[in-house]
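We count residues from 1, following the sequence as given. What's counted below: heavy atoms across the whole structure, side chains too, no hydrogens, waters or symmetry copies.
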Amino acid sequence: METPNSSSQNGPERGHDATSDEWTVEKAADLYGVRDWGGGYFGVTPEGTVAVHPNGDPTKGIDLHAVVTGLAARDLNAPIVLRFPGILEHRMSALRTAFDGAIEELEYDGPYSGLYPIKVNQERHVCEAIRDLGGRLGFGLEVGSKPELLAGLALTEGMNGMPLVCNGFKDKEYVETVIITAKMGRNIIPVAEQAHEVRLITASARLHDVTPHFGIRAKLAAPGLGRWAGSSGFRSKFGLTVGEILHAVEYLEREEMLDGLKMLHCHMGSQVFDIRAVKYMVAELAHLYVELVRRGAPLDTLDIGGGLGIDYDGSSSATESSINYSLDQYAADVVHRIKSICDEAGVAHPQIMSESGRALVAHSSVLVCEVLGTRTFPAEPDMALVQRALDEESPTQPLLDAYDAYLTRDSGDLFEVYADAEHALAEATNLFNLGYMSIYARAACEELYWSIGRTMLDRRGDDLPEELENLPDRLADIYFLNLSVFQSLLDSWGIDQLFPIMPIHRLSEEPARRGVLADITCDSDGRIERFAGGDSHKSTLELHSHGQAGDSTDPYYVGVFLTGAYQEALGDLHNLLGDTHAVHVELADNGRWRIDHVVEGETIRDVLAHVQYDTEDIRRRIRSDIEASIEANRITIDEGKALRRFLDDSLQGYTYLE
Ligand code: PLP
């Protein structure tokens with residue numbers, strides 16, 4: 001299936017006069033910081049839409065808005081996840097190249113192998129793409145639970161040489177499955193996360209008469225960093241302490257199983273934002289490695305786990321939403337540390353493995369949502385309402401004060417006028433709560449205050465005194481998105497993670513409004529109020545006017561970027577809003593875009609089944625209620641028919657608003 005792209009896919013040319021007042025797509029690219037966080041995969045077209053450059057080549061691109069409208073024409077409506085396998089391939093190649101380059105430059109003797117931890121995005125099509133590319137690029141997979149193990153085994157069927165590293169807590173059954181598959185000839189490596197798992201591996205290997213290769217995860221002293229700091233350090237729930245590792249080695253020696261101990265593993269937590277922490281952790285791991293080799297352990301592999309971060313806010317800084325290093329620097333530092341410590345100890349260079357998940361998949365998915373409507377605070381109050389309040393018998397003082405303030409907004413000192421309106425609103429709320437003000441007067445005071453606040457913002461938005469700094473937040477528009485934050489952006493809610501967000505079209509038009517985003521769940525937490533940009537992020541996002549009188553009725557789409565890691569795997573069913581559609585989009589040879597796979601989102605029937613509702617039972621019950629209502633003349637036959645039709649259609653339908 002092919003659809004023509006827009007005429008030009010190139011990013012906007014740099015070199016426009018940035019000081020000119022004229023709005024340009026170049027200014028839009030700067031405003032949303034797309035070049036800073038986009039990693040070369042995203043840009044803005046001269047037509048004012050977002051371009052996706054799957055191969056990082058700015059001359060070859062896919063027009064994101066054209067894809068979204070093309071999919072809508074096929075009844076695949078937003079919210080929708082667009083996955084770009086081309087970006088995935090580019091990320092994997094970049095990681096491969098970074099390590100191979102460092103190995104060559106530093107004359108390191110061991111190889112590098114990447115492992116994709118499937119927990120980061122277990123979707124089958126994503127894993128299959130990585131598996132296929134991994135076959136070419138020398139990557140393997142990492143699994144961390146029994147279900148993931150089964151998925152990993154199925155994914156690597158017929159690929160005996162592909163490494164499959166098995167982390168996570170293990171029981172006898174888990175270990176036995178791994179040991180038997182090792183006997184089948186698979187390159188499968190269980191990693192003992194707890195001291196007793198060493199015994200489980202040994203017992204199972206003995207039972208099945210095989211000496212598998214296995215690893216031990218070390219509990220390092222190096223503290224983790226940021227949100228996932230607890231994955232490392234003495235208080236981490238994972239790994240063996242140095243003492244436990246020494247005991248394990250003695251035990252394996254006694255059991256004549258030491259030959260199988262090949263890998264030393266660690267994981268210092270995800271999104272490690274400071275390269276100094278990486279160097280520190282790798283140094284500790286490498287020292288442990290050389291000491292164990294000297295002690296007689298036949299280790300040949302160091303697995304440094306995940307943690308390679310990405311720059312969500314584009315600031316290139318050692319802060320939680322960013323990183324202060326490049327992929328090349330990461331690889332060079334890892335290789336350099338391991339080499340120098342091994343050389344000093346006279347120990348052969350081990351194979352290096354890393355379990356980078358976030359850094360491989362985050363860029364490859366974009367979530368696109370449609371704005372359903374907006375809530376704005378207009379500059380003009382509802383004068384009919386105000387007049388009605390003023391016409392009441394003996395209007396209260398706060399109402400008269402607010403009205404006075406409103407009348408002088410064009411002639412008086414605007415800051416004073418605003419202060420009066422704010423005071424009047426506070427008084428009005430008190431009076432209303434004490435039962436001394438009518439509902440009309442209260443509503444009128446709010447209208448007048450909002451209108452003065454909005455006027456102030458429109459006229460003096462860039463020049464507000466300190467005490468009014470939060471005025472833009474108080475009066476920001478709310479843009480309602482057809483989306484569940486809990487299903488599609490769980491980390492935004494759960495750990496306050498920042499994702500880059502911007503409109504995917506209308507970028508040749510200056511965004512005149514500032515807003516926050518709210519989803520359609522019945523949960524006040526279902527909102528996004530932190531955006532990339534500014535010194536310490538922005539509390540509102542620049543958006544185009546939508547849904548106001550005179551606005552186009554065309555859909556307005558917003559893209560949430562860098563969502564490929566963890567979001568799909570973690571999403572939940574809050575309000576029973578289910579998985580969104582996901583579509584894999586490729587850049588075709590002829591420069592057009594092409595749909596590769598479509599994974600349809602969950603239907604209402606699917607999500608009800610998740611929570612043990614029998615949809616046939618639901619149909620039966622509602623139909624019987626309809627019949628009873630027709631019989632009792634509460635509704636007509638036609639109304640009953642309409643309701644039945646809605647019932648049948650919606651059970652098959654998308655869980656989002658259509
Ligand atoms: N390896 C292990 C053991 C993990 O627990 C994780 C994630 O938490 C990863 C790798 C992936 O980490 P990242 O996504 O930061 O690369």
Side-chain angles (χ1 to χ4, degrees), residues 110 112-113 115 117 142-144 163 165-170 175 189-202 212-225 228-253 257-270 272 276-308 333-335 337-342 344-345 347-357:
Y112 165 76
S113 177
L115 301 165
E142 184 263 3
V143 296
V165 169
C166 305
N167 290 321
F169 292 95
K170 299 171 198 69
V175 171
I189 306 145
V191 176
E193 301 249 9
Q194 311 284 329
H196 79 272
E197 288 176 12
V198 177
R199 291 169 201 277
L200 280 181
I201 292 169
T202 310
H213 288 176
F214 56 93
I216 289 183
R217 175 165 175 174
K219 199 192 284 276
L220 298 182
L225 205 60
W228 291 276
S231 301
S232 188
F234 293 135
R235 297 289 300 154
S236 156
K237 65 180 193 183
F238 311 103
L240 280 72
T241 62
V242 177
E244 285 172 330
I245 295 176
L246 286 171
H247 286 310
V249 170
E250 284 161 15
Y251 170 80
L252 289 166
E253 226 162 15
M257 278 286 169
L258 191 57
D259 283 357
L261 179 59
K262 295 292 181 195
M263 174 193 282
L264 187 64
H265 176 282
C266 82
H267 170 65
M268 68 175 311
S270 203
V272 176
R276 286 171 301 181
V278 175
K279 293 184 198 179
Y280 195 75
M281 182 273 300
V282 171
E284 185 181 352
L285 188 71
H287 277 295
L288 198 52
Y289 179 88
V290 297
E291 289 303 324
L292 289 170
V293 170
R294 281 171 164 168
R295 162 74 190 75
L299 294 165
D300 64 12
T301 300
L302 257 188
D303 180 344
I304 61 169
L308 174 57
D333 280 333
V334 168
V335 174
R337 289 275 144 158
I338 298 175
K339 176 181 156 65
S340 53
I341 290 165
C342 287
E344 215 169 285
V347 165
H349 299 165
Q351 162 177 228
I352 299 173
M353 284 185 156
S354 73
E355 298 171 1
S356 299

Value rounded to 0.5 Å, distance of [atom1] in [X] from [atom2] in [Y]:
X      : Y      : atom1 : atom2 : answer
Met353 : Thr301 : CE    : OG1   : 5.5 Å
Lys262 : Leu302 : NZ    : CG    : 13.5 Å
His349 : Tyr289 : NE2   : OH    : 10.0 Å
His265 : Leu240 : NE2   : CG    : 12.5 Å
His213 : Met263 : NE2   : CE    : 11.0 Å
Met268 : Glu284 : CE    : CD    : 9.5 Å

- [ ] With side-chain contact (heavy atoms from CB on, under 4.5 Å) as the test, would you mind laying out the steps for Leu246 and Leu292 before giving the verdict?
- [x] CA-CA 8 Å; Leu246 286 171; Leu292 289 170; 4.3 Å; yes
TODO: Could you point out which residue of Ile216, Leu299, Val242 forms a side-chain contact (heavy atoms from CB on, under 4.5 Å) with Leu288?
DONE: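 So the option named by the test is Val242.
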- [ ] Kindly determine whether Leu261 and Phe214 satisfy side-chain contact (heavy atoms from CB on, under 4.5 Å), including the steps that lead there.
- [x] CA-CA 5 Å; Leu261 179 59; Phe214 56 93; 4.0 Å; yes
Has [X] got a side-chain atom pairing as donor or acceptor with [Y]'s backbone, closer than 3.5 angstrom?
X      : Y      : answer
Gln351 : Ser113 : no
Glu193 : Phe169 : no
Lys170 : Gln194 : no

Task: Residue pair Tyr112 / Ser354, side-chain heavy-atom distance below 4.5 Å - done: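 They are in contact (side-chain heavy atoms under 4.5 Å apart), so the answer is yes.
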Open item on the list: So Glu250 and Arg295, do their side chains get closer than 4.5 Å, heavy atoms only?
Closed with: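 Side chain of Arg295 against side chain of Glu250, heavy atoms only: contact under 4.5 Å found.
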If I compare all heavy atoms of [X] with all of [Y], which pair ends up nearest, and what's the gap?
X      : Y      : value
His267 : Gly307 : CE1-N, 4.1 Å
Gly215 : Ile189 : N-CG2, 4.1 Å
Glu355 : Val165 : OE2-CG1, 4.0 Å
Gly239 : Lys219 : O-CE, 3.6 Å
Ala218 : Leu264 : CB-CD1, 4.3 Å
Pro117 : Ser356 : CD-O, 3.6 Å

- [ ] May I have the step-by-step check of side-chain contact (heavy atoms from CB on, under 4.5 Å) for Leu285 and Val282, ending in yes or no?
- [x] CA-CA 5 Å; Leu285 188 71; Val282 171; 5.6 Å; no
- [ ] Start with the C-alpha distance between Glu197 and Val175, add both sets of side-chain angles, then the distance that settles side-chain contact (heavy atoms from CB on, under 4.5 Å), and finish with yes or no.
- [x] CA-CA 8 Å; Glu197 288 176 12; Val175 171; 5.6 Å; no
Answer yes or no: are there more than 12 heavy-atom neighbours, outside [X] itself, under 6.0 Å from its atom [atom1]?
X      : atom1 : answer
Glu344 : CD    : no
Tyr251 : OH    : yes
Arg276 : CZ    : no

